[in-house]
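This chain uses plain numbering: 1 for the first residue, then up along the sequence. Not measured: the values here are computed from a predicted model. All values below were derived from every heavy atom in this structure, side-chain atoms included, with hydrogens, water molecules and symmetry-related copies excluded.
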Amino acid sequence: MLLPRVLPLLLLPLFLAGCTVVVSAPPPAPNESSAAPSPPPASADCAGSTGVIPGVAADGAVALVLETSPAVELPVPADIVAMEEDEVEPADDETMADNLLLTTPDLAAPDLEEELVLPPAATFDFPVVENPKVQYFVDYYSGPGREVFARWLERSTRYLPMMNAVFAEAGLPLDLTYLAMVESGFNPKAFSWAHASGPWQFMPRTGQLYGLQDDWWHDERRDFEKSTRAAAHHLKDLHCLFEGDWNLAVASYNAGAGKMLRATKKYDTRDFWEMSQGKYLRDETKNYLPKLMAMLLIAKQPAKYGFSNLQYQSPVASDTVIIPTATDLDIVARLSGSDYATIKELNPELKRWCTPPGLKDYPLRIPAGTREQFLAAYAELPVTARANYEHHKIKKGDTLQGLAKRYHIRVADIVALNSIRNPKALRIGSNLVLPLQPGASKIPREAFEDDYVRTRQPTHTVRKGDTLSQIAQRYDVSSQELRVWNRLGWDNVIRPGQVLVVSAGAAKSKGKTKAVTASKSGGKGKTATVSAKSSGSKKPGAKGAKTTRIVYQVKAGDTLSKIARRYDVSTSRILDWNNLSASQLLQPGQRLTLLVDDADRG
């Protein structure tokens with residue numbers, strides 16, 4: 001995720017001047033291991049550059065505020081309010097599983113202690129090495145995370161051809177396209193607690209600096225082609241800033257340029273692996289580059305790591321048409337012989353049921369081979385028939401009779417489309433869809449309902465003194481679930497004012513093991529048997545399986561990872577059960593409460 005600390009990069013777009021484009025050869029097929037072109041040398045990529053961005057001091061401090069181009073303001077109705085900062089995107093089951101694999105393996109990643117081993121250089125166009133941390137992520141993605149990672153590999157081919165073409169045009173290593181896998185698993189729906197969005201996880205401000213608009217109607221950070229071009233621009237800026245060092249450029253994509261500049265000064269080195277031995281960089285940043293290398297190792301040789309019979313998706317195939325004025329997507333679907341869901345999938349940047357009102361000549365993707373059919377039918381469509389709906393936010397004094405008269409429609413149609421139970425009790429601030437044409441569908445109403453669930457999804461605003469464990473206990477969820485739903489790291493850092501999702505929402509509810517209160521006599525080896533729906537271990541017990549409470553006394557040399565492996569539970573569960581933070585060190589003699597399936601006791 002592009003952390004909030006990426007803000008020092010506000011000045012990066014100025015730095016691209018003088019960079020020369022170098023085009024690389026086409027990429028190999030996703031399951032082939034063939035030679036790839038080497039990245040251009042720093043001297044060619046950043047000719048005449050000093051590697052210092054104006055306004056970013058050597059310590060990473062921002063000393064200059066850029067005067068950037070203002071965002072395009074769409075002439076939408078005055079009563080439409082932009083998305084509130086606490087609005088949370090709903091996550092489907094597949095996206096929830098993606099988020100889990102994006103964050104879970106970080107917890108037990110080992111420190112780098114051994115020498116680096118270089119794999120065959122001809123396989124990559126990015127400087128890949130193998131070390132214990134890289135191997136850890138290879139083992140995790142090909143082991144516990146295999147099912148989800150296989151889906152990422154299958155999904156990758158939907159976007160890689162386009163991404164490779166964009167990166168080749170920009171003269172970037174083609175292997176860097178796999179950063180979209182590190183960021184989102186190639187999922188355009190990915191959305192973090194910090195409001196990073198899309199396959200490349202741009203923050204709103206950074207996305208705006210690179211030309212990606214985000215408003216109530218659309219979010220271009222979700223547009224796989226536009227966001228990829230922005231990511232290529234951003235990575236090239238970072239490469240120039242760090243004078244051709246791709247390790248530092250990639251790490252700064254996660255941590256922010258200012259953070260990495262300060263790290264190079266603090267440790268007096270430009271060696272990423274050396275500075276990652278210290279405590280200044282967050283674990284998320286220390287793991288970021290190893291994750292990329294692990295993913296490249298597997299993606300280039302999937303069969304070697306046990307990934308066989310992969311059903312790779314076909315590349316996105318579409319025609320692009322220019323929509324002169326706001327048009328409903330279900331009308332586009334009908335005229336192109338497609339369906340609403342397909343049009344939405346081809347245009348993930350669109351949040352609502354139509355192209356953005358007031359934005360003329362909007363480029364829209366439709367299924368490949370339907371362009372001529374669509375254009376012919378669209379030319380016959382009167383301008384007044386392009387939009388079947390109007391959005392209205394209820395204001396004080398509004399009545400259904402007044403709205404019906406204003407828009408020349410029937411009260412009964414408004415009531416039916418919006419499922420209004422009491423026409424005399426309209427809630428101020430609620431959204432209504434007004435059917436302007438007969439035969440209205442439920443699609444726009446469903447778009448509003450999704451938005452309503454998003455804004456009303458149970459959330460908790462972090463207060464001073466709150467801990468993740470306390471919040472989890474209050475809402476009867478686990479800390480791990482909070483991390484997944486909110487795309488948090490594993491250091492338990494939360495900030496006052498931060499809004500956390502505290503319910504799975506649309507995701508299927510899952511049984512959770514209730515905390516067991518330790519008895520006063522619970523000394524070493526004391527146990528108490530309880531019944532649970534499921535355990536929090538890697539191998540949940542069957543429904544109704546018995547779980548044993550164990551009080552474990554920490555010994556010299558113990559780590560959370562060792563204890564977790566010994567009892568076949570997750571380290572996050574141990575943290576939850578004992579109200580610990582991931583940064584706390586275990587002390588010999590310390591007692592830990594564990595809930596272990598009887599079947600897993602060794």
Side-chain angles (χ1 to χ4, degrees), residues 1-21 45-46 49 53-56 62 64-74 82-83 159 162-173 176-180 182-184 186 188 190-192 194-215 217-242 246 248-260 288 347-351 356 359 362-363:
M1 179 187 73
L2 291 178
L3 299 174
R5 293 174 179 152
V6 81
L7 290 181
L9 289 178
L10 297 179
L11 302 173
L12 278 176
L14 290 181
F15 193 71
L16 190 59
C19 291
T20 303
V21 173
D45 195 41
C46 302
S49 168
I53 297 179
V56 179
V62 178
L64 176 66
V65 178
L66 277 182
E67 189 173 304
T68 59
S69 301
V72 176
E73 296 291 342
L74 299 182
M83 296 176 73
Y159 305 107
M162 175 274 299
M163 291 180 173
N164 283 331
V166 170
F167 275 46
E169 180 184 347
L172 299 177
L176 284 180
T177 55
Y178 281 89
L179 276 177
V182 180
E183 289 288 339
S184 67
F186 291 108
F191 190 85
S192 77
H195 296 271
S197 177
W200 293 95
Q201 290 290 279
F202 274 100
M203 295 291 291
R205 179 59 176 163
T206 310
Q208 182 183 352
L209 287 172
Y210 286 93
L212 303 176
Q213 297 300 313
D214 177 23
D215 56 40
W217 293 99
H218 72 322
D219 181 357
E220 290 183 332
R221 295 174 298 165
R222 291 174 177 259
D223 185 306
F224 33 79
E225 183 171 353
K226 290 182 179 178
S227 65
T228 297
R229 293 190 179 279
H233 190 169
H234 185 39
L235 284 166
K236 194 162 188 176
D237 289 345
L238 293 171
H239 186 241
C240 292
L241 170 62
F242 289 99
W246 275 120
L248 295 182
V250 168
S252 63
Y253 191 94
N254 174 262
K259 181 76 172 182
M260 293 307 298
Y288 192 75
N347 300 275
E349 77 279 6
L350 294 179
K351 299 178 183 178
L359 192 59
Y362 188 85

_Lys236 NZ to His239 NE2 distance, which is reported to the nearest 0.5 Å_ = 9.5 Å
_Considering all heavy atoms, the nearest Leu172-Ala232 contact_ = CD1-O, 3.5 Å
*Look up atom CZ in Arg221 and atom OG in Ser197, then write down how far apart they are to the nearest 0.5 Å.*
4.0 Å
_Would His234 and Leu209 count as a side-chain contact (heavy atoms from CB on, under 4.5 Å) here? Give the steps._
CA-CA 10 Å; His234 185 39; Leu209 287 172; over 6 Å; no
*Name all residues meeting the ring-ring contact (aromatic ring centres under 6.0 Å, His included) criterion together with Tyr362; count only those two or more places apart in sequence or in a different chain, and write none if there are none.*
none
*What are the two closest non-hydrogen atoms of Ala257 and Phe242, and how far apart are they?*
O-CZ, 4.0 Å
*So does Lys351 pair up with Asp214, basic N to acidic O under 4.0 Å?*
yes
*Provide the closest heavy-atom pair for Met163 versus Ala180 in the form atom of the first, atom of the second, distance.*
CE-CB, 4.0 Å
*For residues His233 and Tyr210, is any side-chain donor paired with an opposing acceptor at under 3.5 Å?*
no
*Might you work through the side-chain contact (heavy atoms from CB on, under 4.5 Å) test for Asp219 and Arg222, ending with a clear yes or no?*
CA-CA 6 Å; Asp219 181 357; Arg222 291 174 177 259; 4.1 Å; yes
*Rounded to the nearest 0.5 Å, how far does CG of Leu179 lie from CG of Asn254?*
10.0 Å
*Partners meeting side-chain hydrogen bond (donor to acceptor under 3.5 Å, both in side chains) with Ser184 (sequence neighbours left out)*: none
_Can you tell whether the side chains of Arg229 and Glu169 come within less than 4.0 Å, N to carboxylate O?_
yes
*Is there a donor in the side chain of Glu183 and an acceptor in the side chain of Tyr288, or the other way round, less than 3.5 Å apart?*
yes
*Which heavy-atom pair separates Phe167 from Pro173 by the least distance, and what is that distance?*
CD2-O, 3.7 Å
*Side-chain touch Trp217/Leu359, heavy atoms, less than 4.5 angstrom*: no
*How many angstroms lie between atom OH of Tyr253 and atom CG of Leu235, to the nearest 0.5 angstrom?*
6.0 Å
_Electrostatic pair Lys226-Glu220, nearest N-O below 4.0 angstrom_ = yes
*If you take all heavy atoms of Tyr159 and Phe186, which pair is closest and at what distance?*
CE1-O, 3.4 Å
*Minimum heavy-atom separation for Thr228 to Phe224, with atom names?*
OG1-O, 2.5 Å
*Not counting sequence neighbours, which residues clear side-chain contact (heavy atoms from CB on, under 4.5 Å) with Ser227? List them please.*
Pro199, Trp200, Leu212
*By side-chain hydrogen bond (donor to acceptor under 3.5 Å, both in side chains), which residues pair with Asp223, not counting sequence neighbours?*
Arg365
